[in-house]
Student: 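Okay, handing you the structure first.
Convention: sequence-line order gives letters A, B, ...; per-chain numbering from 1. Only a predicted model underlies this, so the values are computations on that prediction, with no experimental measurement involved.
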Amino acid sequence: MTYVKPMFRHPDAPVNGLGHTRQVYEGGLSTLCAGCGHDSISAAIIDACFELSIEPHRVAKLSGIGCSSKTPAYFLSGSHSFNSVHGRMPSVATGANLANRDLIYIGVSGDGDTASIGLGQFSHVVRRNLNMTYLVENNGCYGLTKGQDSATMDSGSRNKKGDLNQYSPIDLARLAIEIGATFVGRSFSGDKQQLIPLIKAAISHRGFALLDVVSPCVTFNNHADSTKSYEHMRQVNAPMPVDFVPMREEITASYDAGNTCEVCMHDGSVVRLYKHDNDYDIEDRQSALQAAHHYASEGKILTGLLYIERDSEELHDVLDTSRRPLNSMDEKQLCPGSRLLDSINAGLR
Amino acid sequence: MQPKASVNDFVIKFANVNGTGSASANGMFAKAIFRMGIPVSPRNIFPSNIQGMPTWYEVRVSEYGYLGRRGGTDIMVCVNPQSMQRDVAEVDAGGYFIYDSTKPLDLRLVRKDIHYIGIPFTEICLREYTDARQRLLFKNVIYVGALAALLNIDFGILKDLVSEQFKGKEKLITPNVYALELGYQYASSNFDCPVPMHLEPGHSVGKHIGDFENILMDGNTAIALGAVYAGATVAAWYPITPSTSVIDAFDKYCRRLRIDPGTGKKNYAIVQAEDELSAMGMVIGACWNGARAFTATSGPGVSLMSEFLGLAYFAEVPAVLVDVQRAGPSTGMPTRTQQSDVLMAAYASHGDTKHVMLFPGTPAECFSMTLDAFDLAERLQTPVIIMSDLELGMNECMSPPLEFDDERRYDRGKVLDADALDDMTERWGRYLDVDGDGIPYRTYPGAHPSKGSYFTRGSSKDEYAAYTEDGAAYVRNMDRLLKKFETAKSLVPPPKIKQADAETTMGAVFFGTTASPAYEATEILAKEGIHLDTMRIRSFPFNEDVEEFIETHDRVFIIEQNRDGQMRRLMLNETKVHMKDKLVAILEYDGLPITALKIASMIRNYVLGGNITPIHGLETTEDVAS
């Protein structure tokens with residue numbers, strides 16, 4: 001196999017609001033295993049950014065270490081990217097965002113990167129409500145080091161060697177809701193219909209948006225006794241379909257079953273949801289936690305937009321930073337000058 | 001024994017209980033002497049504790065302007081019965097012991113060779129105040145008043161200082177001045193004032209201070225002001241002694257100087273991170289994105305930041321790190337000073353890494369080197385570590401005033417903006433050495449709609465930032481990083497070299513807070529005929545002046561405050577010195593600032609040869625007694 005990505009695209013490929021084809025949003029050729037769920041997520045990110053008509057250079061991609069963290073190389077090659085150190089992407093994203101609040105920040109992480117080595121930083125970036133989209137490509141194992149169990153592996157699931165996991169799993173979506181996340185979605189890499197609108201909604205959300213995406217590891221965690229396999233996910237997934245309607249577009253429903261509810265986002269976009277349960281209020285933390293827990297207790301995985309808090313204060317609001325990005329300021333705004341220093345000196349005599 | 005006599009030359013020590021408000025009274029005492037125009041250097045010797053433990057405040061008065069620790073105690077002001085026994089023992093023969101005479105002195109504590117001055121502080125407080133808190137607080141002010149009489153402190157200056165301290169709380173001025181007077185009256189009516197060891201204004205020579213108008217400030221505040229002036233907009237940090245006050249001061253000055261006049265919003269962001277790892281991650285993220293960012297920590301924090309320092313080194317992201325060193329290893333002695341992070345900072349992180357370090361010696365230099373640190377970090381696209389320590393960072397130090405040239409512009413380094421990217425005819429490579437100095441060109445995220453994006457990573461990459469496992473490309477990159485480090489030699493502050501008054505083949509090398517006592521020690525030794533040229537190291541990597549100094553001397557004493565002679569080892573590693581024995585370690589690492597007398601004694605013993613007395617730090621070092 002040659003690692004050259006074919007450059008030919010259909011001459012009549014559709015263009016978005018910026019006149020860009022989908023190709024503009026693509027990245028380098030993936031080096032992940034054939035059939036890896038992560039590649040589907042990269043494709044969904046490409047579709048979401050294309051459909052949202054985002055200028056690629058206004059996006060900053062960030063990641064930690066692991067299979068998932070390699071993926072920013074496979075989408076949006078026109079964006080700057082920072083592949084940092086294991087489990088520490090949240091802090092790098094925080095610093096980057098503080099420096100320039102005008103970019104769109106997309107972080108990609110894995111379950112090892114987020115739920116084990118990076119659980120501390122993950123929790124704190126949630127608490128700070130940093131304005132970013134944080135995608136966890138969750139496969140329940142360490143792929144790049146050949147299949148060790150991760151902290152999101154369900155108890156009762158077996159790894160490829162046949163070892164039973166007896167440790168309690170960390171449910172990142174529920175954890176995030178518990179500690180104050182303002183947007184929490186869960187999805188499945190194999191459900192493009194649901195994933196793309198969720199990514200669009202997450203990017204449009206002002207504040208911290210977590211997407212915990214179950215993404216099977218075809219090489220190490222896709223066997224019969226795994227609860228993160230394609231097969232298992234197709235059986236237990238309880239999806240709440242999601243539509244995302246960008247600001248100023250006509251709202252047309254593509255689903256009609258179930259209970260619908262519409263959430264108007266900060267920028268005027270609308271997320272339309274189709275819920276199974278009438279009592280479940282996705283703008284109520286307690287209700288969201290109960291619903292996720294309820295499905296889990298029945299061996300199911302509730303996917304869709306699990307919780308949203310609109311109009312929350314993101315980190316810049318809390319810090320009361322200037323609207324103008326800090327990285328665009330120079331001596332004029334930042335340096336008080338020698339006369340003031342003279343008066344400071346005088347106060348120290 | 002006759003009481004010691006001297007004018008403007010003594011060491012006075014206050015033995016207090018921490019958490020009793022003694023710090024502000026003691027600070028007022030030192031500042032009053034400073035205002036009298038007499039060189040003074042106060043030091044807190046404090047416990048890692050908030051309330052109830054013994055704490056000391058040592059003030060050196062030196063009309064020659066020696067600001068380092070001298071060693072010894074001439075006057076002890078004992079306000080803490082807990083530590084009285086050791087405090088009595090510490091006073092030099094002929095010295096003074098000022099104590100609370102409300103209760104009679106324990107006869108076991110009476111020495112024949114020192115002079116006792118009993119003042120019933122508690123009794124005065126019980127008589128004058130009914131409130132327990134007031135009794136505690138005013139006791140401190142009363143002893144300062146008594147010292148004003150005993151040592152001849154200008155009472156008017158003390159009154160001014162009280163007024164300044166309570167600006168905005170004017171109701172407190174009169175009672176504080178009254179408390180000063182209580183002490184003053186008692187001392188002047190019961191003792192022959194001033195005592196033979198005292199102050200006289202206008203008497204000082206102060207040759208080491210120079211003619212300029214000095215200021216009195218701590219190094220941490222100076223670094224914070226440096227960061228404000230350098231245009232730092234993002235500060236991420238995690239609380240740790242002794243660096244916390246860097247960020248406290250940065251916050252204080254930003255609230256005053258960095259509020260946007262139009263919108264009232266903040267032109268800065270300070271985040272208290274969840275740990276030092278995160279703090280450094282935030283700094284790197286912000287610097288990657290084109291802001292100037294920094295963090296301040298101490299040794300334990302640098303340990304945690306090491307992985308990120310390696311990333312910044314290898315991915316070539318600027319970062320400024322302030323390391324206010326304390327006594328290690330591990331938790332060590334958190335409130336004691338040391339210079340023991342030198343090697344760790346120089347090579348922080350796994351793999352082949354080297355970092356630029358700056359070694360400030362005064363608050364003025366803390367300020368100027370912080371300005372330099374941001375320029376250097378961006379020029380070199382690498383972390384720059386400012387190596388301060390507790391002694392400099394947390395004590396009020398006399399210093400030349402802070403200086404800033406309004407013509408100075410931030411050196412943002414090699415950054416391509418949208419126009420520069422458009423003007424380029426050749427292909428841009430993020431890690432391509434175009435200019436032959438090892439420093440490539442970088443871009444900020446979002447700078448251009450279609451050019452200049454790249455993948456920043458801690459993994460190996462080629463000149464165009466593409467991931468590579470090709471050994472040759474890896475080596476090219478590592479060698480370029482080395483070339484960049486060579487370039488750094490011409491950019492960092494050079495050492496300060498002073499020739500001895502007489503021809504000599506011996507030299508002394510020191511840095512940071514070792515400088516003051518080391519200069520004093522060389523003067524003590526010069527009077528004995530032992531002459532030393534001196535070199536104060538101000539940065540790493542070492543430039544050719546450093547090489548030459550070592551090359552041209554037969555014996556070089558490396559004076560530093562750690563057990564292993566870390567600067568010496570760094571010099572052996574990073575210079576072309578062949579003779580290991582040429583560099584002699586002069587070490588002190590008990591956590592208290594190194595003293596001039598000890599340095600002089602260690603060098604004297606070495607030079608005179610053979611009869612080396614067992615001064616600790618000396619006998620444990622393999623390379624000393626050659």
Side-chain angles (χ1 to χ4, degrees), chain A residues 55-60 62 65 72-73 76-86 88-100 102-103 120-121 123-124 128 315-316 319-331 333-342 344-345 348-349, chain B residues 35 213-217 225 228-229 231 233-234 236 257-258 260 263 265-271 273-275 277-291 293 307-308 311 401-406 409-410 443-450 453-459 467:
Chain A
E55 294 178 278
H57 77 289
R58 303 307 295 167
V59 175
L62 300 118
I65 294 292
L76 297 182
S77 60
S79 308
H80 270 66
S81 187
F82 199 150
N83 181 202
S84 65
V85 289
H86 202 10
R88 319 293 174 212
M89 175 266 279
S91 61
V92 177
T94 304
N97 187 310
L98 290 174
N100 185 357
D102 282 354
L103 298 184
Q121 293 215 346
S123 305
H124 290 277
R128 293 189 186 103
L315 184 58
H316 281 284
L319 295 178
D320 201 27
T321 40
S322 286
R323 187 63 208 80
R324 178 175 169 183
L326 295 175
N327 73 346
S328 70
M329 297 180 184
D330 58 18
E331 290 89 344
Q333 289 85 33
L334 303 175
C335 186
S338 65
R339 278 183 61 186
L340 210 129
L341 195 60
D342 291 343
I344 290 171
N345 279 322
L348 298 165
R349 291 199 173 105
Chain B
R35 286 247 177 117
E213 291 243 349
N214 280 283
I215 55 169
L216 190 65
M217 81 183 301
L225 269 167
V228 172
Y229 272 75
T233 50
V234 176
L257 304 171
R258 283 283 190 77
D260 190 274
T263 62
K265 299 268 182 190
K266 294 176 178 173
N267 287 337
Y268 67 97
I270 301 174
V271 178
E274 56 272 29
D275 52 35
L277 288 81
S278 180
M280 188 41 103
M282 290 179 196
V283 168
I284 289 170
C287 288
W288 172 74
N289 217 353
E307 185 188 28
F308 259 131
L311 172 74
L402 310 182
E403 280 177 14
F404 186 80
D405 178 359
D406 287 322
R409 291 288 165 268
Y410 301 153
T443 57
Y444 297 156
H448 190 286
S450 58
S453 68
Y454 70 100
F455 206 88
T456 307
R457 48 160 58 91
S459 45
Y467 178 79

Student: Of the backbone (N, CA, C, O) and the side chain (C-beta and beyond), which part of B:D260 lies under 4.5 Å from a heavy atom of chain A, both, or neither?
Tutor: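 Side chain of B:D260 only, per the 4.5 Å heavy-atom cut-off to chain A.
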Student: Could you tell me whether the side chain of A:L103 reaches within less than 4.5 Å of the side chain of B:P445, counting heavy atoms only?
Tutor: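 The answer is yes; the side chains approach within 4.5 Å.
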Student: Which answer fits B:L311, side chain, backbone, both or neither, if we ask what part of it has an atom under 4.5 Å from a heavy atom of chain A?
Tutor: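 For B:L311, the contact with chain A is made by the side chain alone.
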Student: Do you know which of A:R58, A:Q121, A:R324 has the most heavy-atom pairs under 4.5 Å to chain B?
Tutor: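 That would be A:Q121.
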Student: Ignoring hydrogens, what is the shortest heavy-atom contact between A:T321 and B:A269? Give both atom names and the distance.
Tutor: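 Nearest pair, atom of A:T321 first, then B:A269: CG2-CB, 3.8 Å.
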Student: Looking only at heavy atoms, which two atoms of B:W288 and A:H80 are closest? And how far apart?
Tutor: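 Smallest interatomic distance, heavy atoms only, reads CZ2-CB, 3.9 Å.
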Student: So B:L277 and A:V85, do their side chains get closer than 4.5 Å, heavy atoms only?
Tutor: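 Side chain of A:V85 against side chain of B:L277, heavy atoms only: no contact under 4.5 Å found.
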Student: Heavy-atom distance under 4.5 Å to chain A: side chain of B:S450, backbone, both or neither?
Tutor: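 When you check distances to chain A, no heavy atom of B:S450 falls under 4.5 Å.
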Student: Just by distance, do the side chain of A:N83 and the backbone of B:R457 share a donor-acceptor pair under 3.5 Å?
Tutor: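 Judged by distance alone, no pair lies under 3.5 Å.
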Student: Chain A heavy atoms under 4.5 Å from B:I270: which part of the residue, side chain, backbone, both or neither?
Tutor: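 Backbone only.
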Student: Given side chains that start at C-beta, do those of A:H124 and B:D275 come closer than 4.5 Å, heavy atoms only?
Tutor: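 Not touching, per the 4.5 Å side-chain cut-off.
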Student: With a 4.5 Å heavy-atom cut-off, do B:E274 and A:R128 have their side chains touching?
Tutor: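 SC-SC contact between B:E274 and A:R128 confirmed.
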Student: Tell me if a side-chain donor or acceptor on A:R349 pairs with a main-chain N or O of B:R35 at a distance below 3.5 Å.
Tutor: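 Absent.
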Student: Side chain, backbone, both or neither: which part of B:Y268 has a heavy atom under 4.5 Å from chain A?
Tutor: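 Only the backbone of B:Y268 comes within 4.5 Å of chain A.
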Student: Taking all heavy atoms of A:S322 and all of B:T263, pick out the closest pair and write down the distance.
Tutor: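 Looking at all heavy atoms of both residues, the closest pair is OG-OG1, 4.4 Å.
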Student: Let me know if B:V228 has heavy atoms under 4.5 Å from chain A in its side chain, its backbone, both or neither.
Tutor: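 Both backbone and side chain.
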Student: If only atom types and distance count, is the side chain of A:D320 paired as donor or acceptor with the main-chain N or O of B:K266 below 3.5 Å?
Tutor: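 No.
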Student: Count the heavy-atom pairs under 4.5 Å between each of B:Y229, B:F404, B:F455 and chain A, then report the option with the highest count.
Tutor: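 Counting heavy-atom pairs under 4.5 Å, the top option is B:Y229.
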